[in-house]
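Everything below concerns the one structure shown next.
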Protein chains: 2
Amino acid sequence: MLTQSLNAKAINTQISGGKVGPAVHPVSDQFGAITGHVGLVATEFSYHKDEEIYGEDEPAEYVYQVVSGAVRSYKLLSDGRRQIGAFHLPGDVFGLESGATHRLAAEAIIDTTVRLVKRASLEKAAGTDVQVARKLWTMTASELRHAEDHMLLLGRKTAMERVATFLLEMDRRLAVAGMMALPMCRRDIGDYLGLTLETVSRALSQLHAQGILGFSGARQIVLRNRQRLHNLDA
Amino acid sequence: MLTQSLNAKAINTQISGGKVGPAVHPVSDQFGAITGHVGLVATEFSYHKDEEIYGEDEPAEYVYQVVSGAVRSYKLLSDGRRQIGAFHLPGDVFGLESGATHRLAAEAIIDTTVRLVKRASLEKAAGTDVQVARKLWTMTASELRHAEDHMLLLGRKTAMERVATFLLEMDRRLAVAGMMALPMCRRDIGDYLGLTLETVSRALSQLHAQGILGFSGARQIVLRNRQRLHNLDA
DNA sequence: CGAGTGATTGAGGCAAGTCAAATGTGGTGG
DNA sequence: CCACCACATTTGACTTGCCTCAATCACTCG
């Protein structure tokens, strides 16, 4: 099913180690660090806004890297409550599992292109090449680090502290020329921070009123005072 | 400093692969799975109740396995708010890092004995033995899985759902003859679940009043109806 | 330029937090 | 062995930060 849909829509297949698209940041090309060593076949593939990439508990057949666009990884409760565990931005690897299935679902936030390799081929490479095995471990470990930081946020920070942390994270990860263009809506931010979209909006309005940030459209944000934002972040 | 204190208090050094203490569950002996392969030296060591094992951001010199007792891993905010990321019970490995430092601090909840090996020797073994490298990865991946589940709990579950989840987790991990002896106090439980100790206590009282659990002392709990607890867990 | 979705703002409610007091309990020394 | 003490837990009364529900506003994109 997934394979069919991939084959039907694949737009480009290449031997990795070839040139990397402009959206992939060179110093953080985690995928290349693996595929370059072992000559794995990487395929490019695109998803539309809100399209599912894989579901929770689905077999983990592929490992992905965002080329352009943005992805949300999340879990759902039976009544629809959602917790987004991470946002994946250009250059990020996602969907890497040590076990057989995906622990979270993944969806494109906006139209998104990914590069992907078969999980089985990575596993095989890791069995031969210790460098690859080490890389898989460190990628999982940095996801764990993020999750540990996020548990602190979700369990113990106030709404304003959460929003401040979020803004500083996004500023670090996607600011260009001091401005960030958020790909996600207020509901996504709320579901990432364990808040409602209204609470996120109120916190942003308050930061705007205090001159800590500026808007040019709801999703174009300029941080005017990172120091004060850090102070609000506990 | 750490090394000194370790040397001063070490009570037993052995080549691993020897017999395992009775408190370590045989089917989940993650440590043995590693050390058995490469003949690493494991040392036993004990900590008193509330003693720090390592601090946040401290160099990760050792990897630990609980032999007996219980350990909490946590992060602190500057004003003292605490988030416990995990409890480590007999058989569990903790303190395993891919990077140079510990991401969370660790403390003994009660008097605790651990087995430990040098991180550097594990790293070395992983460079030679692909089985070891794979094991390190899967151990980190299962910590990540727990953290992802816990983010959902912290971000989206109600107080009663959190406590129900906690009880089912502890029942699974440390119930003997249908009864569990919790090593941690209500404050630890609250800091694990993102609640206050009072809220934890009220939820437990309510479950007791509904006949879902029974007490013999505040920390000796017997689950009388796991199905109803599952229903409360969303 | 208008429709539709996303964002903001307001008013009121409630789940969980805070503060405080009473009760229970395990550990220890007389 | 038991009485006491220190601390853990429970329970109560009240507060509050965030949520819910609802209405308006403002982009974005046909």
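In what follows, chains are A, B, ... by sequence order, proteins preceding strands, each numbered from 1.
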query: Heavy atoms under 4.0 Å, any strand shown: does B:L204 hit a base, just sugar-phosphate, or nothing?
result: nothing

- line: Of A:E198 and B:M160, the one whose nearest nucleotide on DNA chain C sits closer to the 5' end is A:E198

- prompt: When the nearest nucleotide of DNA chain C is assigned to B:G194 and to A:R187 on a heavy-atom basis, which residue is associated with the more 5' position?
  reply: A:R187

Side chain of [X] (C-beta onward), nearest among [options]:
| X | options | value |
| --- | --- | --- |
| A:A218 | C:dA7, D:dC18, C:dA16 | C:dA7 |
| A:R219 | C:dG6, D:dT10, C:dA16 | C:dG6 |
| B:S205 | C:dA16, D:dC19, D:dT11 | D:dT11 |
| A:C185 | D:dC18, C:dT8, C:dG6 | C:dG6 |
| A:T196 | C:dT9, C:dA7, D:dT20 | D:dT20 |

Check whether any side-chain nitrogen or oxygen of [X] sits under 4.0 Å from OP1 or OP2 of [N], and answer yes or no.
| X | N | value |
| --- | --- | --- |
| B:S201 | D:dT9 | no |
| A:R186 | C:dT8 | yes |
| B:T158 | C:dA15 | no |
| B:T199 | C:dG17 | yes |

task: Applying side-chain contact (heavy atoms from CB on, under 4.5 Å) between A:L213 and each of A:D171, A:L204, A:V222, report the one that passes.
output: A:L204

Expressed as a whole number of angstroms, how long is the span from [X]:[atom1] to [N]:[atom2]?
| X | N | atom1 | atom2 | value |
| --- | --- | --- | --- | --- |
| B:R156 | D:dT20 | CZ | C1' | 13 Å |
| A:L182 | C:dG6 | CG | P | 15 Å |
| B:I189 | D:dT9 | CD1 | P | 7 Å |
| A:L197 | C:dT9 | CG | P | 13 Å |
| B:R162 | C:dG17 | CZ | P | 8 Å |
| B:K49 | C:dT28 | NZ | P | 11 Å |
| A:H208 | C:dT9 | NE2 | C1' | 15 Å |
| A:I110 | C:dG6 | CD1 | P | 14 Å |

message: With rounding to the nearest 0.5 angstrom, report the OH to CG distance, B:Y64 to B:L96.
response: 12.0 Å

How about [X] and [Y]: do any of their side-chain heavy atoms sit closer than 4.5 Å?
| X | Y | result |
| --- | --- | --- |
| A:R226 | A:L167 | no |
| A:R103 | B:L144 | no |
| A:M170 | A:F87 | yes |

- prompt: Do A:D57 and A:K75 pass the salt bridge (charged side-chain N to carboxylate O under 4.0 Å, His left out) test, and can you show the C-alpha distance, the side-chain angles, and the key distance before you say yes or no?
  reply: CA-CA 10 Å; A:D57 296 323; A:K75 280 176 169 288; over 6 Å; no

- request: Look at the side chain of B:R202 against the base of D:dG12 and say whether a donor-acceptor pair falls under 3.5 Å; ignore hydrogens and angles.
  value: yes

